[in-house]
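When a residue number appears, it is its place in the shown sequence, counting from 1. As the structure lists them, so they are numbered: ligands from 1, and atoms in each ligand from 1.
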Amino acid sequence: MAMRALVKHPDETGLRLDEVAVPTVGPDDVLVKVHTTGICGTDIHIYNWDEWAQATIPAPMTVGHEFSGEIAELGSNVSGFEPGEVVGAEGHVVCNRCRNCLAGRRHLCHDTRGIGVNLPGAFADFVVIPKSNIWRHIPGIDLEIAAIFDPFGNAVHTALEFPVLGEDVLITGAGPIGLMASAVVAQAGARNVVITDVNPYRLELAKRMGATRAVDVRFEDLQDVQDELGMTEGFDVALEMSGKSAALDDILQNTINGANVALLGIPSDPYPIDWSIVIFNMLNLKGIYGREMFETWYKMNVLIGSGLDISPVITHRFGVDEFDDAFDVAASHESGKVLINWVEPT
Ligand code: NAD
Ligand code: ZN
């Protein structure tokens with residue numbers, strides 16, 4: 001049987017919408033009929049076929065890792081799931097053999113492979129997922145919200161890394177992940193949630209996601225914002241979600257002694273930081289990667305089930321034939337989350 005798929009071919013930029021064979025379902029696999037997919041920064045690197053992508057993607061290959069769908073078929077060794085169930089997937093396939101995997105710390109696996117990066121992806125009518133990576137959604141979930149559980153998981157993992165109840169939280173970077181993190185820390189009981197960016201479109205979205213203040217750091221000083229909010233010693237918790245050196249500098253300059261700082265943003269190049277501030281202020285820095293398997297996923301189900309609304313982060317929707325336009329708007333940053341729908345609306 002044939003299906004549509006967005007395939008990365010070698011020696012060219014962009015993707016091609018190809019007809020390919022529906023992937024074979026192994027005994028431990030689940031075949032998912034894809035409903036909605038989301039475009040991630042990683043997909044834009046792949047689309048642009050930059051140095052990292054050329055060195056990483058085994059092209060030609062179907063790409064994409066943010067998706068929601070329904071179970072179409074179960075491998076012969078798979079039990080506990082039913083065809084028709086609404087599912088998503090953890091995109092990191094772990095080795096199950098390294099020290100961390102054996103200790104149950106799968107998010108720290110020594111040898112992960114990524115769906116849509118190292119393994120065939122979800123920008124297609126069907127995707128094959130190992131049963132160990134399938135995540136069952138809460139009944140009745142909106143399939144667009146389900147499609148962004150991967151980046152929502154990055155936001156939840158980072159936002160819940162440190163206790164935020166009653167704390168003043170600074171988030172640098174109002175991209176889709178920073179925006180969703182602002183909603184999570186607000187729900188988790190933060191006193192003030194201040195989010196920064198240099199992009200007015202995204203700062204406008206931040207106001208709809210529950211931020212106390214959305215700050216354009218080109219024009220406003222965070223010290224003034226602290227004064228305005230009656231803060232005296234700095235932010236208690238900071239989440240770095242831009243990957244930019246200037247943003248980490250804002251964090252170093254505006255956090256309380258002993259602050260907890262979670263770092264998710266990926267710098268495009270190494271940058272220097274003022275270590276004397278980290279040392280004298282006894283800051284606690286923690287790198288964050290991916291999602292905890294599957295504690296973050298559990299928290300996501302509970303947060304959505306208890307009414308957390310992250311829908312304002314979804315700003316654009318496209319059909320499969322319009323995928324080039326979808327990638328253009330995602331790369332422009334005049335957008336929040338950009339979705340491609342694989343099933344015609346009924
Ligand atoms: P994004 O690139 O859409 O958002 C980053 C935002 O930071 C942009 O809106 C940009 O305008 C803003 N920014 C630029 N300079 C800034 C500054 N000086 N101060 C404050 N904000 C500034 O990215 P995203 O999809 O929301 O992801 C956030 C970050 O997390 C990215 O760096 C991404 O590469 C990274 N990421 C990490 C993981 C992980 O597992 N560690 C997973 C996914 C994404
Ligand atoms: Zn491992």
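The distance from atom CG of Asp274 to atom CD of Gln253, rounded to the nearest 0.5 Å, is 7.5 Å. Separation of atoms CH2 (Trp135) and CZ (Phe149) is listed at 8.5 Å; rounding is to 0.5 Å. Atom CG of Leu179 sits about 11.0 Å away from atom CD1 of Ile310, to the nearest 0.5 Å. Atom OG1 of Thr172 and atom CG of Leu239 lie 8.0 Å apart (nearest 0.5 Å).
Considering only non-hydrogen protein atoms, atom 20 (C) of ligand 1 sits nearest to Thr196 OG1, 3.4 Å. The single protein non-hydrogen atom nearest to atom 4 (O) of ligand 1 is Gly175 CA, 3.4 Å, given as residue, atom name and distance. With hydrogens left out, the protein atom closest to atom 22 (C) of ligand 1 is Ser242 CB, 3.7 Å, a heavy atom. Closest to atom 2 (O) of ligand 1 among all protein heavy atoms lies His333 CE1, 3.6 Å. Looking only at protein heavy atoms, the nearest one to atom 15 (N) of ligand 1 is Lys244 CG, 3.4 Å. Of all protein heavy atoms, the one closest to atom 29 (C) of ligand 1 is Met241 O, 3.5 Å.
Remark: the backbone N or O of Leu143 is paired with a side-chain donor or acceptor of Ser68 at under 3.5 angstrom. The backbone N or O of Val25 lies less than 3.5 Å from no partner atom in the side chain of Asp29, so there is not a single donor-acceptor pair.
For the residues Gly290, Gly265, Ala247, the heavy atom positioned nearest atom 19 (N) of ligand 1 is part of Ala247. The residue among Ile177, Ile288, Val198, Asp249 with a heavy atom at the shortest distance from atom 27 (O) of ligand 1 is Ile177. Looking at Ala246, Gly287, Ala331 and measuring to atom 18 (N) of ligand 1, the nearest heavy atom belongs to Ala246. With Asn199, Leu248, Leu205, Leu264 as candidates, the residue nearest to atom 38 (C) of ligand 1 on a non-hydrogen basis is Leu264.
For ligand 1, one of its N or O atoms has an N or O atom of Arg202 under 3.5 Å away. Of the N or O atoms in Gly178, none lie within a sub-3.5 Å distance of an N or O in ligand 1. Considering backbone and side-chain N/O of Ile266, one or more are found under 3.5 Å from N/O of ligand 1. At least one N/O-N/O distance between Asp197 and ligand 1 falls below 3.5 Å.
Cluster annotation: Phe323 is not connected to Val7 through the hydrophobic network of ILVMFWY side chains, with a link wherever side-chain heavy atoms come within less than 4.5 Å. Ile195 is not connected to Leu170 by any chain of hydrophobic side-chain contacts under 4.5 Å among Ile, Leu, Val, Met, Phe, Trp and Tyr, and they are in different clusters.
Of the angles at the Zn ion (ligand 2), the one spanning SG of Cys98 and SG of Cys109 is 120° when given to 10°.
Ion pair Glu90/Arg106 not flagged as a salt bridge, since none of the NZ, NE, NH1 or NH2 atoms sits closer than 4.0 Å to an Asp/Glu carboxylate oxygen.
There is a protein heavy atom closer than 4.0 angstrom to atom 9 (O) of ligand 1.
No option in Val34, Ile340, Leu17, Val63 other than Val63 meets the side-chain contact (heavy atoms from CB on, under 4.5 Å) test with Phe123.
Note on ligand 1: Gly41 sits outside its first shell, no heavy atom being nearer than 4.0 Å.
For the residue pair Thr36 / Asn341, a side-chain donor-acceptor distance below 3.5 Å is found, with atom types taken as modelled.
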